[in-house]
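Quick note: residue numbers are just sequence positions, from 1. Hydrogens, waters and symmetry mates are skipped; everything else that's a heavy atom, side chains included, is used.
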Amino acid sequence: CKKLFTSKDNVINVLPGVHLVISDSLVHQGKLIFQSDISGTSTFNSPVQISGDGIYEFHQDMNLSRNWYVSSPLNDALIPSEMVCYSFSEPNASWEVQNSGAKFLSGKGYILQSGASSILNFSGKSLNQHLISTLTRTPGNSYSGFNLCGNPFPSYLNIDNLLQNDQIEPSFWIRTKKNDRYVFDSYNIAGGISISNSGLTVNKWIPPLQAFWLKVKPGFLSSTIDFQQFARGPQDNKLNLFRNSKNEAFPEI
């Protein structure tokens, strides 16, 4: 049978491609490490009831010196010093450098530049559970209403619950690069229609640690997106992956 994890000295390593589910409660005193390689990352559906001060580590394979669209599954993970980090400011319509050591904001998307082959490591003690994130629209901007959001969970996110919000366009976009050409993958939530220019699966399930674009509709200055536990799930399709080099799809600015 397939090996799922390794365990030693109160440390559990969940291997790439494995989906760990704990349904009732979790007492966490050690370290849980969720590993990643070019075939994908391990994922985690956690219970609402969690106690203990154990450490979580979520790895994301970033094996080429490129730009990667990412989001943090923890609300206390810090931006690493060995990478350059950007966030997009909708009010200023500009990319802004984020200082190393600053905290990743939950539900927000970032671009990280790795200077060499490396594994991005989100480390902390506090999992994102239920999150409400605010989006903005600034009239007159070049990219008015576009917000770079992020899946705040270490599991796949069903984005279909956005249909309940009539202030946000019922679509999301993921920026990728294939064969030296910049493209967008997109999914229309209302019609269930997807467009994949990268060749990867794109549907209502957004991969863990993945950043994506949402847009506030004209006529509204702000809106909120409600990330809820019930919208979480395991991988739905073997080709629905975080955009990585094995698939020749590189997230870029």
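- Scanning both residues, Phe58 and Pro154, for their nearest heavy atoms gives CE2-CB, 3.2 Å.
- Put simply, the side chain of Ser133 never gets that close to the backbone of Ile225: no donor and acceptor are under 3.5 Å apart.
- Distance alone, capped at 3.5 Å, is enough to place a donor-acceptor pair between the Thr41 side chain and the His59 backbone.
- In this structure, Asn165 contributes its side chain and Thr224 its backbone to a donor-acceptor pair below 3.5 Å.
- Heavy-atom contacts from other residues, nucleotides or ligands closer than 6.0 Å to CZ of Phe184 number more than 12.
- Looking at Pro139 and Leu221, their side chains come closer than 4.5 Å, going by heavy atoms from C-beta outward.
- Hydrophobic clustering (ILVMFWY, side-chain heavy atoms < 4.5 Å, transitive): Ile22 and Leu15 are in one cluster.
- Side chain of Ser194 to main chain of Val202: a donor-acceptor pair is present (N/O by atom type, distance under 3.5 Å, no hydrogens or angles).
- The distance from the OG atom of Ser171 to the CD1 atom of Ile189 is 6.5 Å, given to the nearest 0.5 Å.
- For the atom pair CH2 of Trp205 and CD of Gln210, the computed distance is 15.5 Å after rounding to the nearest 0.5 Å.
- The shortest distance between side-chain heavy atoms of Glu57 and Gln35 does not fall below 4.5 Å.
- Counting heavy atoms from C-beta outward, Lys215 and Ile168 have side chains that stay 4.5 Å or more apart.
- Taking hydrophobic clusters as Ile, Leu, Val, Met, Phe, Trp and Tyr residues chained together by side-chain heavy-atom distances below 4.5 Å, Ile55 does not share a cluster with Leu74.
- Within the 4.5 Å cutoff, no side-chain heavy atoms of Gln29 are placed close to those of Ser51.
- In summary, the side chains of Asp226 and His130 do present a donor paired with an acceptor at a separation below 3.5 Å, with no hydrogens or angles considered.
- Atom CG of residue Leu127 and atom OG of residue Ser72 lie 9.5 Å apart, to the nearest 0.5 angstrom.
- The heavy-atom pair separating Lys108 from Ser87 by the smallest distance is CE-CB, 3.6 Å.
- With hydrogens and angles disregarded, a donor-acceptor distance shorter than 3.5 Å links the side chain of Ser36 to the backbone of Asp61.
- To the nearest 0.5 angstrom, Leu20 atom CG is 9.0 Å from Leu26 atom CG.
- With Lys217 contributing its side chain and Asp166 its backbone, the two residues share a donor-acceptor pair below 3.5 Å.
- Side-chain N or O atoms of Arg232 include one that pairs as donor or acceptor with a backbone N or O of Phe44 at under 3.5 Å.
- Checked by atom type and distance alone, the side chain of Thr138 never pairs as donor or acceptor with a backbone atom of Asn141 at under 3.5 Å.
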**Q.** Stepwise side-chain contact (heavy atoms from CB on, under 4.5 Å) test for Ser100 and Glu82
**A.** CA-CA 8 Å; Ser100 62; Glu82 68 272 15; over 6 Å; no
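- Between Tyr187 and Asp160 the shortest side-chain heavy-atom distance falls below 4.5 Å.
- Aromatic pair His19/Tyr156: centroids not less than 6.0 angstrom apart.
- Residues Ser126 and Asp76 bring no donor and acceptor atom of their side chains to less than 3.5 Å of each other.
- Between Cys85 and Leu112, the closest heavy-atom pair is CB-CD2, 3.2 Å.
- Minimum interatomic distance between Asn45 and Ser155 (heavy atoms only, all atoms of both residues): OD1-CB, 3.0 Å.
- Ring planes of Phe88 and Trp213: perpendicular class, angle over 60° (limits at 30 and 60°).
- Two different hydrophobic clusters hold Phe34 and Leu78 under the rule that ILVMFWY side chains link at heavy-atom gaps under 4.5 Å.
- Counting heavy atoms from C-beta outward, Leu120 and Pro80 have side chains that approach closer than 4.5 Å.
- Between Asn75 and Ser106, the side chains place no donor N or O within less than 3.5 Å of an acceptor N or O (distance only, hydrogens not considered).
- Side chains of Asn147 and Glu90: a donor-acceptor N/O pair is absent below 3.5 angstrom, by distance only.
- Under a hydrophobic clustering in which Ile, Leu, Val, Met, Phe, Trp and Tyr are joined whenever their side-chain heavy atoms come within less than 4.5 Å, directly or via other members, Met83 and Leu105 fall into the same cluster.
- Going from atom CG of Asp185 over to atom CZ of Phe172 covers 8.5 Å, rounded to the nearest 0.5 Å.
- For the ring pair (Phe, Tyr, Trp, His ring centres under 6.0 Å) test with Tyr110, the passing option among Tyr86, Tyr69, Trp68, Phe104 is Phe104; the others fail.
- Asn151 places a side-chain N or O within donor-acceptor distance of the main-chain N or O of Ile206, the cut-off being under 3.5 Å.
- Hydrophobic clustering, with ILVMFWY side chains joined whenever heavy atoms are under 4.5 angstrom apart, keeps Val18 apart from Val21.
- Smallest separation of non-hydrogen atoms from Pro152 and Asn128: O-ND2, 2.9 Å.
- Contact detail for Asn10 and Gly30: the closest heavy-atom pair is ND2-CA, 3.3 Å.
- You'll find the side chain of Leu209 reaches within 4.5 Å of the side chain of Pro73, heavy atoms only.
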Q: Decide yes or no on side-chain contact (heavy atoms from CB on, under 4.5 Å) for Trp95 and Leu148, but give the supporting numbers first.
A: CA-CA 11 Å; Trp95 292 99; Leu148 186 59; 3.9 Å; yes
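- Interatomic distance, CD1 of Ile33 versus OH of Tyr56, reported as 13.5 Å (0.5 Å rounding).
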